[in-house]
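Worksheet: the structure to be examined is printed underneath.
If you're wondering where the values come from, they're calculated on a predicted model, not measured in any experiment. Sequence lines set the chain letters: A, B, ... in the order given, protein chains first and strands last, and positions in each chain run from 1.
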Amino acid sequence: MKILVAVKQVPDTATQVKISSDPKAIDTAGITWIVSPYDEFAIEEALRIKEKRGQGEVVAVTLGPDRAKETLRSALAMGCDRAIHVNDPALANADTMTTARALAAVVKQEAPQLVLCGRQAIDDDAGAVGAQLAEVLGWPCASWIMEETIDADAKTVRVGRQVEGGLEVFDIPLPAVLSAQKGLNEPRYPTLKGIMGAKKKEIKDVKASDLGLSSITPELSITALEALPARPPGRIIPGDVKDAVKELVRSLREDAKAI
Amino acid sequence: MAGAIWCVVEDDRKGTPKKVMSEVLGEAARLGGPVEAVWLTDKATDDGLKQLGAWGATKVWLLENAGLAPYRGETWVPPFAELVAKESPKAVLAPVTSRLRELMARLAAKLGVGLAADTVALAMNGDKLVATRPIYAGKLLSKVTWAKQPWLATLRPNVFKPAEAQAGKAASVERVSATIPSPQMKLVERREEASTGLPELTEAEIVISGGRGMKGPENYVILEEMGGVIGAAVGASRAAVDAGWRPHRFQIGQTGRTISPKLYLGFGVSGAIQHLAGMRTSKVIVAVNKDPEAPIFKIADYGIVADLFEVVPELTKEFKRLLEK
Ligand SMILES: Cc1cc2nc3c(=O)[nH]c(=O)nc-3n(C[C@H](O)[C@H](O)[C@H](O)COP(=O)(O)OP(=O)(O)OC[C@H]3O[C@@H](n4cnc5c(N)ncnc54)[C@H](O)[C@@H]3O)c2cc1C
Ligand SMILES: Nc1ncnc2c1ncn2[C@@H]1O[C@H](COP(=O)(O)O)[C@@H](O)[C@H]1O
């Protein structure tokens, strides 16, 4: 079966992000870019499905600028078969809706039986694209999946989705969109052979026009980025444990009114 | 009514709206209303409807149908989108919960409008709504606006000021008869997690978090004991979850749950950036760590530099004394 995995390039969480001279954008100088961690769970799951079935194709797709090609290389090094790069300046300010529309166009061209996404991309932290993509396609979807098994003839997938207080297990007819939650699997590291092999794999570049996208006005726009309001300076409570604890409880009660 | 602010009801699946709805309804009122609620459920109770009125809803659009349980995007979105198209609210707001997060994304796609997910502030700027949402793991805030109405947004729990319940206020109830599509997704089972008897992590007003400093799974009982005294949920850092001390659903942080309680108490948590991503909007932060250089002290309101195994029993004792008075 054919599986499409949506992967996004994001700044490494450990790197500092600063607002650039354009107040709507971050300063990208010095940023280390990584594959969004949840998308690694999605890639891993796609590879496991293929390996378990002994056949199939895993296609990685990203929407992003030139540098996002690195993310596709990482996906290919992990074991994806080929990749598609939606790379068009017209999509530079894509919100989740615009992204979903573009990815849906790719899905329609590729016609996979399954699309895997991450629970959320850790830059915009929206957690919306997977579900929006499913809606545009008119496919069923399950978010935050913790487990997944596909039946022998690839007609349905059984998933466990994480909800408050438990796990809901559903049988879903394919094609469908699933979004990966941490706990689904443990992503593999690319091997040296994988990294070398990735260089020979195909990355296809596509433009908005190749996807037949007409309206690419974002539905949601950033008007400004802001630094976090500074927290008031904290206080280390000195003294031996007994006294410090008493003072802490008093402060929580009387000053902070938190208890 | 056209131009209303709709609040999507999250309930306990037994017919009662969750407390977080007081926050969403309160915010809708602050934005100038008119405040209306939309409730998709297989079972609504009269008390639940009264509660929505008391929290400020002037009207409840009620879609009550057995086919709506459990939540499935494919059964909820079509009747919901139809109702939006017919009644033209200017905004649709929902709390961030596992199912409403997905519902709102699908609804936005169905309506072809923008979604501001996980917002922490909303404000009117002239006749436009502006939402503030944390991005890059909470390192920055982003202000966003929509290209067109209705403005769809999800609201982070515990951040917005709740409406005070006013017993005298009542909402008119409009039952909507809608066709529920027959679902393709079939529920196989629901696996309940063993209840800790403590509140749910994302809903709790007080959260206690134990990190690698807890040293082992057996020691979490001292945190649970404290949780029982002050009505707190007990969560963990990723280090503790990865070590297998706590199930993943208790993880706080970028790859776990985002929480925003009134009070966060961290024990043996260093305060890595990915942990902060999940709790930095907590109102009051307390850290107990034996390392005075631990980064968590940089964002803590109160800190004690000491061995947590000495502090926790003392603190539980003091809390008991305070609350039993
Ligand atoms: C992509 C990615 C995603 C991640 N997502 C998350 C996430 O969602 N949540 C998360 O928490 N982490 C996450 N992490 C991991 C994060 O970087 C840290 O490794 C983790 O938060 C550390 O957990 P900790 O504070 O419990 O452990 P440590 O950093 O080891 O800190 C333990 C602390 O306990 C203190 N201590 C030890 N013994 C005692 C004692 N007896 N009394 C008092 N203090 C004591 C020590 O001084 C130390 O500060 C992520 C990392 C990556 C790369
Ligand atoms: N630009 C993009 N390119 C490819 N996939 C994306 C992109 N943006 C989001 N996704 C996918 O959608 C998921 C959720 O993203 P988001 O809604 O932005 O938090 C991500 O984990 C990816 O799987």
Pair B:E192 + B:R190: basic N to acidic O under 4.0 Å: yes
Region of B:E74 in contact with chain A, defined by heavy-atom distances below 4.5 Å: side chain
Aromatic ring pairing B:W151/B:W146, orientation class (parallel under 30°, perpendicular over 60°, tilted between): tilted
Which portion of B:A108 sits near chain A, non-hydrogen atoms under 4.5 angstrom: both
Which portion of B:Q274 sits near chain A, non-hydrogen atoms under 4.5 angstrom: side chain
Sidechain N-carboxylate O distance under 4.0 Å for B:D301, B:K283: no
Contacting region of B:T154 [heavy-atom separation from chain A under 4.5 Å]: neither
Presence of salt bridge, B:R191 and B:E189, under 4.0 angstrom: yes
Option that, when pairs with chain B are counted at under 4.5 Å, heavy atom only, ranks first among A:D95, A:V241, A:L220, A:I26: A:L220
Sidechain N-carboxylate O distance under 4.0 Å for A:E219, A:R101: yes
Residues A:E247 and A:R235 bridged, charged N to O under 4.0 Å: yes
Portion of A:I237 that has a non-hydrogen atom of chain B nearer than 4.5 angstrom: both
Part of B:R280 within contact of chain A (heavy atom distance under 4.5 Å): both
Any side-chain donor near an acceptor of the partner, A:E44 and A:N185, under 3.5 Å: no
Heavy-atom contact with chain B under 4.5 Å, split by part of A:P11: side chain
A:T15 portion near chain B, given a 4.5 angstrom heavy-atom threshold: backbone
Best-contacting candidate, A:A121, A:G234, A:A14, A:G130, against chain B by heavy atom pairs under 4.5 angstrom: A:G234
Residue B:K186 excluded, over 12 heavy atoms near NZ under 6.0 Å: yes
Pair B:K290 + B:E293, salt bridge at N-O below 4.0 Å: no
Residues of residues 137-144 of chain B near chain A, each having a heavy atom less than 4.5 Å away: B:A137, B:G138, B:K139, B:L140, B:L141, B:S142, B:K143, B:V144
Side chain to side chain donor-acceptor pair (under 3.5 Å) contacts in which one or both residues fall within residues 112-133 of chain A, not counting sequence neighbours: A:K8-A:D123, A:Y38-A:R119, A:T96-A:Q132, A:R119-A:Q181, A:Q120-A:D125
Whether over 12 other heavy atoms sit under 6.0 Å from A:K246 NZ: yes
Largest heavy-atom contact set with chain B, pairs under 4.5 Å, which of A:S143, A:A128, A:A131, A:S221: A:S221
Portion of A:R161 that has a non-hydrogen atom of chain B nearer than 4.5 angstrom: side chain
Ion pair A:R158/A:D171, N-O distance below 4.0 Å: yes
Proximal component of A:I222, with respect to chain B [non-hydrogen, under 4.5 Å]: both
Atom group of B:D242 that falls short of 4.5 Å from chain A, counting heavy atoms: side chain
Per-residue contact mode, B:I206 against chain A (heavy atom under 4.5 angstrom): side chain
Check: B:T119/B:R156 side-chain N/O donor and acceptor closer than 3.5 Å: no
